[in-house]
Amino acid sequence: MIRVERGQVPEFVHEPGFLEARARYEEFRSGGGSRTSQTYLDFQTALGEYQRTVSDYVHQLFHGKCAYTEVVVAPQLHLHRPDADAYDDRLPTAPNHYWWTALWYRNWYNAAGEIVSLKRTIFPVIGERAPEPKPEQITGDDGPGRFLDRGLLLDPCEDHPQLHLLFQVDGQVVPWAEQSAPWLDADNAKRGPETIRLLDLNNRALVESRRAAAVTLLNFTDPDAEVLGPLLDPALPHLGASRQISAARLLDHAGDAMTDAMRLVAPELVPYILASPGRFGDAFVTDVRAALAPDSPGLAELLATPASELRGAEPESLPSGPPPEEPAPTGRVIPRTAAITRVVIRNFQAIDSYQLDVPTGVETVTTLDPVLAVSKTAPPPTNPAVGSSSRPWRVFLGENGSGKSSALRAVALAVAGDEVDALVELCGLEWRDLLRRGTTDGSIRLELTGGDAIELAFTADGPTAESQANLPHVDQFVRGFGATRLTTDPASGPADNVRLGNLFDPLQPVVDAQQWLVALEKREDKGDFNVAALTIAKLLGREEQVAETGDAAAAKLITREGEEIWVGGEPLRTLSDGYRAIISLACDLMAGAGSGLSDMRNATGIVLIDELGCYLHPRWKMQITRTLRKEFPSMQFFVTTHEPLCLRGLVEREVVRVTRSSEELGEEWHAVFETIEESPSKYRVDRLLTSEFFGLDTTIDPDVEQEFQQYYALVRRTDLSGDEDLLRRQLRARLSQHGILGYTARDQLVYDAIDAFLATSSTLEPEARRRERRTTLDNVADIWRGVAAKRAAVDRP
C-alpha cells in the first residue's frame, strides 16, 4: 500500500448527466432506500453510462493496480467507505452509512476482487459514526467530507501508509505499532494491525509476490538514483514495499548529507528517522525536511516535531472522534469478518488426507454467465468490470458414497469452534464413527483470513485435551444444511450465529419462512421485512417487478394478509416444493445474518449445503448456484451435489470432483479429490454430462455403455485367459459396429491409444491421471502426424 495523491477534481463530476444521476441516487438513499420500499438502486446502477468513466478514472489514478495491495488488476470500482450497511463489531450495523459518499470522487478506488470480497462493507471507526446528513447539506465538490468520521482502515489517499505498515524483505508486512513508533497514539496504533488483518495482507500469494519484488531490489548493491529510478516506476507492483525497503537500505549507509537516491524515497525515510531519534544528524534531517516540504508538508512538519510531542502527531486529513470503550477480551474469537482460506483434513470418515486451498475472492460475478440475472429481461451490466466480487464457492461433486459429504462435515465440526461438543451431543454423533476406520487419531485444520486458524485434533473418544483447550469462539455467521430441511417456529433461535445441526441430523429444523416473514412484517419498523422480501423476489426471478428505479411508490411484490405471506398475488404455501425449499433456506440465512441491513448482498457468513439440487426442477437447478451467489455474494459457500445442472454459475477451480480410490467390492478405499481447472459454466447442459465434471463417458444406450465398461476392464488386464481374450476381441468387434471404436486402420490406432488411457484412468490418482492423459494426447498427435506425413509423401509429385 502506498499513498496516492488524487490531484484535480475530475471534470465529468460536473456534467449535467452525472449530477442528475447523483441526485436520483441521493433521493432514494436518503429516503431509507430498500428498507422503506421493495425496490433497489445501488450506486453502480445509478451511475448508468458513467460506470465506465468512473472505472477508467480509478484505474488510471492507481496506475492499473489495486489501491490496497498494489497488484496489477483490471478496472474495478470499489468504495472505501461503503454505500450502505457499514459494519463495525463494536457498533450496530449502520444501514445508511455512507450513501452520501458513494458518488463522491474521493471515495472511489481501484481494487482487486480479493480485496472487494474481504472488505465488503466492513468499516470500523475510531469513536462513533458520523451523523447522516440531508441531501441539501451536501454541497460543493468536497461537501460529503464535512460528514465523515475517522476510519480505522488505512485510506491510501488520505493517510501515509508507511507510518503504519512496515514492509520487510521476506514479503511480510508488520505494523509499525509493534516496533518503536513514537508518532502513533493509542488510536492510530490500532490502524496498522487492523488493516493487515481485515485485508489479509499477509496471505501467501501477497507475501510471495512482495518477496519477489524485494529480491529484484536486493540484486542491486548500493543502487544510485540512476539505477533505483526505473525500479520505482509507479506502475510496478508493490511500489510501497519497494520504496520502503530501498529507504531502509539507503539509511544503513547514510552520511551527513542526503543523496539523490534518498530523495527518490524521501517520504519513506520519515518513520525510520522518527523510530531512531539521535541516530541521524541534524543536517541530514534538515535535508530530508527540505526535500519533503514541496509535496509532503505534513511529513516535513512531523520531522520537526519535538520527540516529547510526537505521540499522536501523525498528519491526518480526517476528523478524530473519542476513543471507543472496548471490553477486555475473554478468549480467542474468530471474527464475523473471517473467511476460510485453507482446509486440511486427516483421517476423517472416508478421507485419509486432503488439503483444499480457497482464494478470498473471484473477479466480478458478471463474468460467470452471459446473463447472470434470473430474469430473462434484465439487461446486461453497462460495464462488466464494475460490480461486486463474489466470494469463491467450493462444490464437491460426486456420486453417492464417494465421500463428498465427509469433507463438508469435517469443515462443519471445525468451524463450530468451542461449540463442537454441543453440536456432537445435539446430533447424537459418535467420534469413533467420525474417525477413519483403522486409524487412532485424526485432525481438521481451517486457516482463515487475518492469520486465524482452528485446529481440531481428535481420537475415537473425542477432541484431544490440548485441542479442546485451544478451540476459539466463532463469532462468524455459520449455517449448515442437510439434504432434508424441516421447518420450525422462528422462536427456536434462528438468529444464533452458528447453527450446523441440520447438516448432521434432518430432525434439526430450519426456520419456517412464513412464520418468520409474518413476524417481521408485524414489527413497527418493517425495514427487515422489505429487504428480505426484495431478496426473495429476486431469488424467484421476479426482478422485473422490483425495478432498479428506487421508486418507493411501486407496488410491493410480497405482502402479508393475516397470518399468510403472499407473493405476487399467490399464497406462499401454494408455491411449488422447490420454491418453498429455496425460500426456507434463504430465510434461514437472512434470519441469522441480515438483521438491520439494507441489502442482503452485504450479509457475510459461511454456508455449508449438502445436496444442493434436492427438490428442484431442472430449470431451477440451472439457476440456483448463480442466483444464490448473486444475492449472497458476501457469503462463502461449501456445497455438495451430484447434479450436473447445479454447476451452472461456477467458475474455474470451484468444482472438486470426488471419487472412490477403488470400486472393487470389499476392497478398502478412500475418497480421492481432484480440483477441476475448467469452468463448468462454459458448457452446454448436454456437454456437462460427458465432460470431466461427471463420470459419464458418453450418453449412448446404457446397454452399450455396460459393454464399454466390460471391454475396458479386459483391456486394463495383462493376464487374460484364452476365453477372456476372445471376449475382449468380440466386444471390440461389436462396439466397432456402432462406430464407437472406429472403422479405418487409422481410427483403430487412435482408439487403441485412447483405450489404454481410459482403461486405467479410473484407478489413478488425479496427478497421475493428468500425466497419463498428456502422454496419451501426445501419442494420438504422433499417430496423426504420421498419417499426415504418409499422405504428403503420396501426394508429392
Side-chain angles (χ1 to χ4, degrees), residues 1-5 154-169 173-189 191-192 195 214 217-218 220-229 231-234 238-318 320:
M1 187 184 296
I2 190 171
R3 183 179 174 96
V4 175
E5 301 294 342
L154 294 176
D155 184 330
C157 291
E158 302 291 343
D159 298 311
H160 294 275
Q162 74 271 27
L163 298 180
H164 299 268
L165 306 177
L166 176 57
F167 292 97
Q168 301 178 321
V169 295
V173 56
V174 298
W176 262 113
E178 295 179 358
Q179 318 297 314
S180 173
W183 61 92
L184 298 177
D185 61 15
D187 285 342
N188 274 306
R191 304 187 70 203
T195 299
L217 285 170
L218 296 176
F220 294 89
T221 305
D222 299 329
D224 57 21
E226 186 175 345
V227 171
L228 190 59
L231 300 176
L232 301 180
D233 187 305
H238 309 302
L239 182 62
S242 297
R243 290 177 62 92
Q244 210 173 59
I245 291 169
S246 299
R249 290 184 66 198
L250 293 169
L251 285 174
D252 285 340
H253 307 286
D256 294 332
M258 189 178 185
T259 66
D260 288 341
M262 290 179 182
R263 294 180 191 281
L264 295 177
V265 291
E268 284 71 30
L269 301 176
V270 174
Y272 292 106
I273 295 173
L274 294 175
S276 303
R279 176 186 169 190
F280 306 97
D282 291 344
F284 178 79
V285 175
T286 299
D287 283 350
V288 176
R289 286 178 55 200
L292 289 169
D295 299 318
S296 303
L299 292 177
E301 184 181 349
L302 189 59
L303 282 179
T305 305
S308 60
E309 302 176 13
L310 259 183
R311 186 67 65 183
E314 180 203 353
E316 296 287 356
S317 59
L318 298 180
S320 176

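Reckoned from all heavy atoms, side chains included, excluding hydrogens, waters and symmetry mates. We're numbering straight along the sequence, starting at 1.
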Checklist entry - So, the side chain of Glu268 versus the backbone of Ala247: is there a donor-acceptor pair under 3.5 Å, distance only? => result no
Next on the checklist: Just so I know, are the side chains of Pro175 and His164 near enough to count as touching, which here means a heavy-atom distance under 4.5 Å?
Outcome noted: no
Next on the checklist: For a side chain to side chain contact (heavy atoms under 4.5 Å, CB included) check, start with the C-alpha distance between Leu166 and Tyr272, then their side-chain angles and the critical distance, and finish with the verdict.
Outcome noted: CA-CA 10 Å; Leu166 176 57; Tyr272 292 106; 3.4 Å; yes
Next on the checklist: Working to the nearest 0.5 angstrom, can you tell me the gap between Ser246 OG and Leu232 CG?
Outcome noted: 5.0 Å
Item to check | Nearest-0.5 Å distance, NE2 of residue His160 to CG of residue Leu302 | outcome: 8.5 Å
Checklist outcome for this item: To the nearest 0.5 Å, atom CG of Leu269 lies from atom CG of Leu250 at 7.5 Å
Next on the checklist: Give me each pair satisfying ring-ring contact (aromatic ring centres under 6.0 Å, His included) with a member in residues 281-305, each pair once, sequence neighbours excluded.
Outcome noted: Phe280-Phe284
Item to check | Closest heavy-atom pair and its distance - Pro294, Ala290 | outcome: CD-O, 3.4 Å
Checklist entry - Shortest non-hydrogen contact from Val265 to Arg243? => result CA-NH2, 3.4 Å
Checklist entry - Looking at Ala177 and Ala189, what are the two nearest heavy atoms and their distance? => result CB-O, 3.3 Å
Checklist entry - Can you name the residues that form a salt bridge (charged side-chain N to carboxylate O under 4.0 Å, His left out) with Asp233, not counting sequence neighbours? => result none
Item to check | Reported OG-to-CG distance for the pair Ser276 and Leu251, which is rounded to 0.5 angstrom | outcome: 9.0 Å
Next on the checklist: How long is the straight-line distance from CG of Leu218 back to CZ of Arg249, given to the nearest 0.5 Å?
Outcome noted: 5.0 Å
Checklist entry - How many angstroms lie between atom CG of Leu217 and atom CD1 of Ile245, to the nearest 0.5 angstrom? => result 6.5 Å
Next on the checklist: Would the distance check show the side chain of Ser296 and the main-chain N or O of Pro267 forming a donor-acceptor pair, the cut-off being under 3.5 Å?
Outcome noted: no
Item to check | Gln162 side chain vs Pro271 backbone, donor-acceptor pair below 3.5 Å | outcome: no
Checklist entry - Which salt bridge (Lys or Arg N to Asp or Glu O under 4.0 Å) pairs, counting each pair once, include a residue from residues 277-302, with sequence neighbours left out? => result Asp252-Arg279
Item to check | Which atom of Arg191 lies closest to which atom of Asp155, heavy atoms considered | outcome: NH2-N, 4.4 Å
Checklist entry - If every non-hydrogen atom of Phe167 is compared with every non-hydrogen atom of Met1, which pair is closest and at what distance? => result CZ-N, 3.5 Å
